[in-house]
Amino acid sequence: MLLLGDPVGHSLSAAFQNAGFEAAGIAAVYQPRQVSAADLPQVLDEIRRDPDVLGANITIPHKITVASLLDGLGPDAQQLGAVNTLSHRGQVLVGWNTDRTGFAQALEDAGYDPRRRAALVLGAGGAARAVVDVLRSTASRVWVAARNLEQARRLCRDLNVEAGGPTPFGSLKLVVGRVDLIVNATPVGLDGHSLVFPADWLNADHFVFDLLYNPPLTPLVRAARDHGARAVNGLAMLLYQGLASFEIWTGRPAPEAAMRAALERAVLGSAAP
Ligand code: NAP
């Protein structure tokens, strides 16, 4: 099993997927592989020809572009126009989306009910599509902010966002002041210190969900808590999307306890000085 993305160094997927294979007695190995956008078509062809590769996860920045390079799409991937999981049978590559269920379960685990709440999603890439699709049917409004406004417009059009819509980065201060839930679906913060907007725009009425999880105390989670807001990182989403990917690849129930424990160990390891 492969993880295809650029970058992939921050990912903790290998640690818990390999623990899952071991616990289920499946002789498979999960390996991250850094792949540029230019090399992606060729790497997919290599996978098609290699019967030993049973599947892959797809991460930043390929989740949208990969959809048009595959032989078929599962229902969620088709609807979202974004793929985070590939399955490989014969010479056929099928794309799936497990980010959607991962985000929905993680939000529920966090005890946050988005009904009658207004939400702001930062970013309009592959992961944002999964997040927006969950929120458009639950939250009262969903605003999507992207530095490339056309990308946010396309997302809102494709997913039929009716209440809320695309908003330019230039209006962020106003929108942040009016929403209850803020979801970061950009890589901003992977460097351990950057934020999309100034920390003092946050207040105790906000709930913040950062899709980033490494470092575990992400800059946005730290800023939110410093301003009295509740905040969670993307670790639970990572686990839940990974359990669903495991089941697609193997056709077997994922050994959740072993995978959760391995992820917790990996987080402690990544947070160690
Ligand atoms: P993606 O498809 O490449 O989308 C990234 C989005 O962020 C794009 O809209 C991009 O805009 C925007 N962006 C990038 N750099 C930015 C910056 N400096 N300032 C403002 N906006 C910026 O990536 P993705 O697959 O959606 O993933 C997004 C992040 O979520 C990644 O860090 C990924 O690791 C994380 N993620 C976590 C989980 C989880 O399970 N916890 C699941 C999925 C994703 P441009 O197109 O203009 O660059």
Side-chain angles (χ1 to χ4, degrees), residues 3-13 15-17 32 34-37 40 57-67 76-77 80-85 95-107 109-110 120-134 144-156 158 166-170 172 182-197 208-216 218-221 231-246 259-260 263 266-267 270:
L3 170 67
L4 309 179
D6 186 11
V8 288
H10 63 282
S11 174
L12 299 180
S13 290
F16 78 100
Q17 291 292 358
Q34 182 144 341
V35 176
S36 69
L40 187 62
N57 276 139
I58 305 291
T59 189
I60 182 173
H62 305 315
K63 286 181 180 178
I64 296 177
T65 45
V66 77
D76 277 1
L80 297 176
V83 167
N84 77 325
T85 302
W96 307 88
N97 191 298
T98 68
D99 279 339
R100 190 188 185 291
T101 183
F103 175 71
Q105 287 188 47
L107 196 61
D109 261 21
L120 166 65
V121 178
L122 302 168
R129 285 181 169 250
V131 169
V132 170
D133 199 52
V134 171
V144 182
R147 58 186 177 178
N148 170 1
L149 187 59
E150 185 45 40
Q151 193 186 45
R153 284 202 186 104
R154 202 176 319 122
L155 184 160
C156 291
D158 290 353
T167 183
F169 262 33
L172 266 184
I182 298 169
V183 182
N184 178 32
T186 77
V188 178
L190 274 180
D191 60 5
H193 58 82
S194 297
L195 293 170
V196 171
F197 56 77
V208 167
F209 192 121
D210 193 350
L211 263 55
L212 304 189
Y213 54 81
N214 193 3
T218 71
L220 182 60
V221 168
V232 294
N233 69 16
L235 207 60
M237 176 175 172
L238 180 75
L239 175 69
Y240 291 126
Q241 61 79 34
L243 297 176
S245 297
F246 183 101
M259 292 173 76
R260 188 185 287 272
L263 185 54
V267 172
S270 76

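Whatever order the structure lists ligands and atoms in, that order sets their numbers, starting from 1. Computed from a predicted structure; not experimentally measured.
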Would you mind telling me which of Val83, Asp76, Asp133 makes a side chain to side chain contact (heavy atoms under 4.5 Å, CB included) with Asn97?
Asp76

Between Ala130 and Asp99, what is the shortest heavy-atom contact and its length?
CB-CB, 3.6 Å

Can you name the residues that form a salt bridge (charged side-chain N to carboxylate O under 4.0 Å, His left out) with Arg147, not counting sequence neighbours?
none

For a quick check: using heavy atoms under 4.0 Å, what are the residues in contact with ligand 1, sorted by chain and number?
His10, Ile60, Pro61, Lys63, Asp99, Gly123, Ala124, Gly125, Gly126, Ala127, Arg147, Gln151, Phe169, Ala185, Thr186, Pro187, Val188, Leu211, Leu212, Tyr213, Gly234, Met237, Leu238, Gln241

Nearest 0.5 Å please: distance from the CG atom of Leu190 over to the CG atom of Leu212.
5.0 Å

Under 3.5 Å, is there a donor-acceptor pair between the side chain of Gln105 and the main chain of Gly102?
no

Looking at Asn57 and Leu3, would you say the former's side chain and the latter's main chain have a donor-acceptor pair under 3.5 Å?
no

